[in-house]
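The analysis underlying the following values was restricted to heavy atoms, covering all of them including side chains, and did not include hydrogens, waters or symmetry mates. Computed from a predicted model, the values in this text were never measured in an experiment.
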Amino acid sequence: MPENLKIQGKMNFHLICPTCSLVDTVADKVLLPAKGGDVMILKDRAPSFFFIVPGALWIYNKGEKPICFLVSRGVAEIRRNICSVLAWGVDLNKLNPSRASRDLQDAEKELENVRSELGKKEILQKIEYLQLLLKGSLEVREPNFDV
């Protein structure tokens, strides 16, 4: 498969959440919301590892409409024209404010019952992500650039 990707000028892209595989495709480029700023992943990128922060993850293919996922956090590994992202809090860019409000209320209630520090930290990150979504602080408009 990698030989065909070199000819096509594409890379493999995998988006995985803890419970399932969401996307397994080829892409021309991927824009990741990484710690320290957004990172554009192109074919033949040097091996890299990134921490994903709350934001919009964009998948691009020439001649097709870009696909956007909202992610709360995660990690990305790039090697040999394969970009793998393990992300939590993944939503296809179709924000449902009433669902997000319900999820936020549920998370706040859940926080009251959690005993472990690790569990509290995870729920607090979920709450922060949902608050950002509801405030409109996460950028879900397609970036304006030419690559």
Determine whether [X] and [Y] make a side-chain contact, defined as any pair of heavy atoms from C-beta on separated by less than 4.5 Å.
X	Y	value
W88	I52	no
I41	V39	yes
L57	F13	yes
L86	S84	no
F69	V23	yes

Residue pair [X] / [Y]: nearest heavy atoms and the distance that separates them:
X	Y	answer
M40	R45	O-NH1, 3.5 Å
P18	A87	CD-O, 3.5 Å
A107	I123	O-CG2, 3.4 Å
A27	I59	CB-CG2, 3.9 Å
A56	C68	CB-SG, 3.7 Å

Point to revise | Pairs flagged by ring-ring contact (aromatic ring centres under 6.0 Å, His included) wherever residues 28-50 is involved - sequence neighbours left out | key: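 As it turns out, the ring-ring contact (aromatic ring centres under 6.0 Å, His included) pairs with a partner in residues 28-50, which skip direct neighbours, are F49-F51.
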
Exercise for review: State whether the side chain of N12 and the backbone N or O of V26 hold a donor-acceptor pair below 3.5 Å, judged by distance alone.
Suggested key: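 Not confirmed, N12 side chain does not pair with V26 backbone.
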
**Study point:** N/O donor-acceptor pair under 3.5 Å between D24 side chain and H14 backbone
**Key:**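 Between the backbone of H14 and the side chain of D24 there is no qualifying donor-acceptor contact (under 3.5 Å).
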
Among the clusters formed by ILVMFWY side chains lying less than 4.5 Å apart, do [X] and [Y] turn up in the same one?
X	Y	value
L70	I127	yes
V85	I67	yes
W58	L42	yes
V75	M11	no

With rounding to the nearest 0.5 Å, note down the distance linking [atom1] in [X] to [atom2] in [Y].
X	Y	atom1	atom2	value
R115	K120	CZ	NZ	8.0 Å
S21	I16	OG	CD1	5.5 Å
S48	E77	OG	CD	9.5 Å
K121	L111	NZ	CG	14.0 Å

